[in-house]
Structure formats: C-alpha cells, structure tokens
Amino acid sequence: MCPDLLDPEIIKQDFPIFKRRVYGKRLIYLDNAATTQKPRQVIEAMREFYQDYNANIHRGVYRLSVEATEAFENARKKVAKFINAKESEIIFTKNATEALNLVAYSWGLNNLREGDHILLTEMEHHSNIVPWQLISKYTKAKIDYISIDKEGLLVDDEVDRLMEKRPKIVSITHVSNVLGTINNVKKIVEHAHKIGAITVVDAAQSVPHMQVDVQEIGCDFLAFSGHKALGPLGVGVLYGKRDLLEDMNPFLGGGDMISRVWLENSEWNELPWKFEAGTSSIADVIGLGAAVDYLNSIGISRIRKHEIKLTKYALETLSEISDLKIYGTNNLEQRGAVISFNLANIHPHDLATILDEEGIALRAGHHCAMPLMNKLGVAATARASFYLYNAESDVDALVEGLNKARRIFKL
Ligand code: C6P
C-alpha cells in the first residue's frame, strides 16, 4: 500500500466505538460534520487527568495543580502550532459557537454602529448568523449576505459588489457543513483587508480535515470546535490577532480573567487568559491536545487526500442512484468530505431511519443552516460526512441502504 494513503481499517482499531454493533450490524459512522469519534489516545489522556492529577489550574502551588496547569498550557502550545499561531492568540472556549459569539460581542458591540455593514454568506451555519443578528439589533449595523450559485459556490461578482459597501467586518465559513464548499478564504480576507474590514473565519469544518494556517490565510479571527477534530465535546478554539484581542473588552467576567479586582472596577489578565473566565474544561483541553497529537501522527495532508479519494468515490457511486439529488460542486478541489442529498420526495428523516436500521449513522434535517435550506428550496437534506476512518465499503453500505429505501418507497 502507498504510504501516502490511509488504511481506514487500521485507523479504526484506534477507535473503541467501532467495536460495538448497532442492531447486530457494524457501525457505519457518517456524521462526522456533527461530531467525530474519539481515538483511545484522547480518551486515555482525559482518563489520566481525572485519575492521576485532577486539580484546578493557574491557582494552586501544589504538585497536582502544577501538573494540570502544565498539561493545559501544553495543549495550548500544540493547538497554536497546529494552525501556525502564537500561544497568546489561542483562546479556549466551549465550542466554535462560543468563539464566534466572543468576537461578535467583544469586538462587534464596541466597533459597530448604525450605518455600518456586516458581511456574511448565504451558506453560513446559524452560529455565524445569529450572533451577528443579535449584535445588529444592539448596534443597528446592517447584515449583507454574499449569495451562492447553483453549484453552491460564492458568486465572485457579489463579493465585489458587497465589499463596495465597505463592511466593517467580514465573517465567512471556510467549509460549508451542508454543501462541502471550500471557500477561498485567503482571497476574501485579502479583499476585506484592502477595504479596512476585520475578518473572521468559521473553520469548524476545515481545521479537522485540511491544513489550516492562520498566517497564510491572514485572517484576524478563526474559530473551530475540538469535538469535530477527534477531540472531546466541550472545548472550542478562537484564534485572534494579538493587537485586536488587546483592544477588546472581555467577553465574560469572573475568576482567572482578571489581574486585580477592587470593589469599583477590575484590571484584566494578560492574553489569552483575559478571555478565559472561570474554571476551564481542563480535561477537554488536555484531550484536544491529544487529538492534535493524533492528527499530526497521521498527517493532516494524508487525511485530506483520503477524503478527496473517498468523496470522489461517493459522488460517483451515489450519482448512479436514480432520483438522487446531490447538492454542491463536483470540483473536488473546492469540496470537503460532506455530501448532502435528497432521494425523490422521501423525507430525509425517513431515509435516516431506514439507514439507521442498517447501522448507518448520518444526519437529516436543516443542519443548522435554515437560510441555506431556503436558498436550495428544501426544508431538509440527508447528509453523509466522512473522516479518516471511513472506507469505500462505508459508501457501498450507504448506496445499498439508499437502494433499500427506494424499494420500500416503491420508487
Ligand atoms: N455543525 C453539523 O452537524 P459547535 O456546535 O459550536 O461545535 O459548532 C458550530 C458550527 C459552526 N460552524 C460550522 C460550519 C458548523 O458546521 C458547526 C457545527 C454541526 O453541521 C452541528 S449543527
């Protein structure tokens, strides 16, 4: 086997969940855009924390607390290196949603006012729409949306037209969780910077799957969730440029984020702790560090290659099913490992239920992207999303399951 190619069957051995059976069948997990499974290395790192050195961080001088603090800050180093950032620019949040809210509230509330524009796209997840709608209510700044074409790609002319309105902030997804579209964020960031806008990249669906380098993209902020990158639930990351973070007010107040507190006012802690109020999800952060180690040991570019191969195979085999409508582009350079589809007029929830009986886990619904569903003219889709442990046999099982659905619905 070519050393550049992954062998999903070997990788699966690192993931205890694949030992279980679902209705007596092997588990075929195709909901990686929602959350990924966890390798034993991540589970073990978290177990070790709770079993061997469970203590709060940044507070105690005793051995356990020192060890916990070291492991926590070491995870920050790993995450920073993974996306080519400085440690002081990595803020641990609860998830990508909280990271995006942090920017909206801490930057948006102070910097936006009536007459200002916020630029988003029609393919955003609710997490990159709703926080801006809230901020727009408070500040009266107006939101514009870059539209998408039939292939699910951003319309270049629309980018140019809306940039002419000189938005103060441009916040876009790197990879769509519905269409799989990979946006050219570097180009959009460059354009936005030319007109003096601040840029935010929602990297929830990119960081786990492809090389993401914040210096290369040049963005001001970037958000992602640990749980979509083999890490535990409960930890997300916000990258922010130091000078911007320095100027911003804290998002949440409480312990750990201050240097001094008086009855009348307070002084903030240094970066990044200024934005990490209260006790952090220590075990989760340590687990995320282990996930980064695991991803590095496999190689993120090998993961991307594997996903391109699998997506190509899936697009080819799925397109042979009659009455199956696939959304998004066929250009694999511009597409992540996410395939949304509808089969005739079968409701995606019915499809997902039939597939579940075959041990296949995939998501059906609006995928927290209701404006995008409206644009596509549907209420919902079914969605298969792949990761490093998925094999062509998983795609074959999906095709078989869809053919079973066709038989049940007498198509
Ligand atoms: N999308 C999906 O099934 P959180 O929930 O904060 O970890 O991630 C939010 C988020 C932000 N941006 C994008 C592009 C996303 O895909 C998600 C999460 C999941 O598609 C859950 S709705």
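These figures come from a predicted structure and were not determined experimentally. Atoms within a ligand are numbered from 1 in the order they appear, just like the ligands themselves.
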Quiz prompt | atom 16 (O) of ligand 1 [closest protein heavy-atom partner, distance rounded to 0.1 Å] | solution = Gln205 NE2, 2.7 Å

Self-check item: Salt bridge flag under 4.0 Å for residues Glu190 and Lys187
Solution: no

Quiz item: Of the non-hydrogen atoms in Pro8 and Tyr389, which two are nearest, and what is the gap between them?
Solution: CB-O, 3.5 Å

Exercise. Before accepting this row, confirm whether a basic side-chain N of the pair Lys94/Asp284 lies closer than 4.0 Å to the acidic partner's carboxylate O.
Key: no

Self-check item: Per-atom contacts of ligand 1 with Cys368, taking only distances under 4.0 Å to non-hydrogen atoms
Solution: 22 (S)

Quiz item: Can you tell me which residue and heavy atom of the protein come closest to atom 3 (O) of ligand 1, and the distance to 0.1 Å?
Solution: Arg363 NH1, 2.5 Å

Quiz prompt | pair Thr199-Phe221: side-chain heavy atoms closer than 4.5 Å | solution = no

Quiz item: Salt bridge check: are Lys241 and Asp220 linked by an N-O gap of less than 4.0 Å?
Solution: yes

Self-check item: Charged N-O contact under 4.0 Å between Arg304 and Glu307
Solution: no

Self-check item: Whether Arg383 lies under 4.0 Å from ligand 1, heavy atom
Solution: yes

Exercise. Could you tell me whether His227 approaches ligand 1 through its side chain, its backbone, both or neither, with non-hydrogen atoms closer than 4.0 Å?
Key: side chain

Exercise. Mark up the atoms of ligand 1 that fall under 4.0 Å of a heavy atom belonging to Ala34, in ascending order.
Key: 2 (C), 3 (O), 19 (C)

Practice problem: Measure from atom 9 (C) of ligand 1 to every heavy atom in Thr173, Leu100, Thr97 and give the option owning the shortest one. | Solution: Thr97

Quiz item: So which of Lys228, Glu98, His125, Lys94 gets nearest to atom 19 (C) of ligand 1, if we judge by its closest heavy atom?
Solution: Lys228

Quiz item: Which one of Ala204, Ser225, Ser206, Ala96 has a non-hydrogen atom at the shortest distance from atom 7 (O) of ligand 1?
Solution: Ser225

Quiz item: Going by heavy atoms, is Gly236 under 4.0 Å from ligand 1?
Solution: no

Quiz item: Salt-bridged, Lys404 to Glu400, with N to O below 4.0 Å?
Solution: no

Practice problem: Test ring pair (Phe, Tyr, Trp, His ring centres under 6.0 Å) on His58 and Phe72 and set out the steps. | Solution: CA-CA 10 Å; His58 302 146; Phe72 183 88; 5.7 Å; yes

Quiz item: When you measure from atom 11 (C) of ligand 1 to every protein heavy atom, which one gives the shortest distance, and what is it?
Solution: Asp202 OD2, 3.4 Å

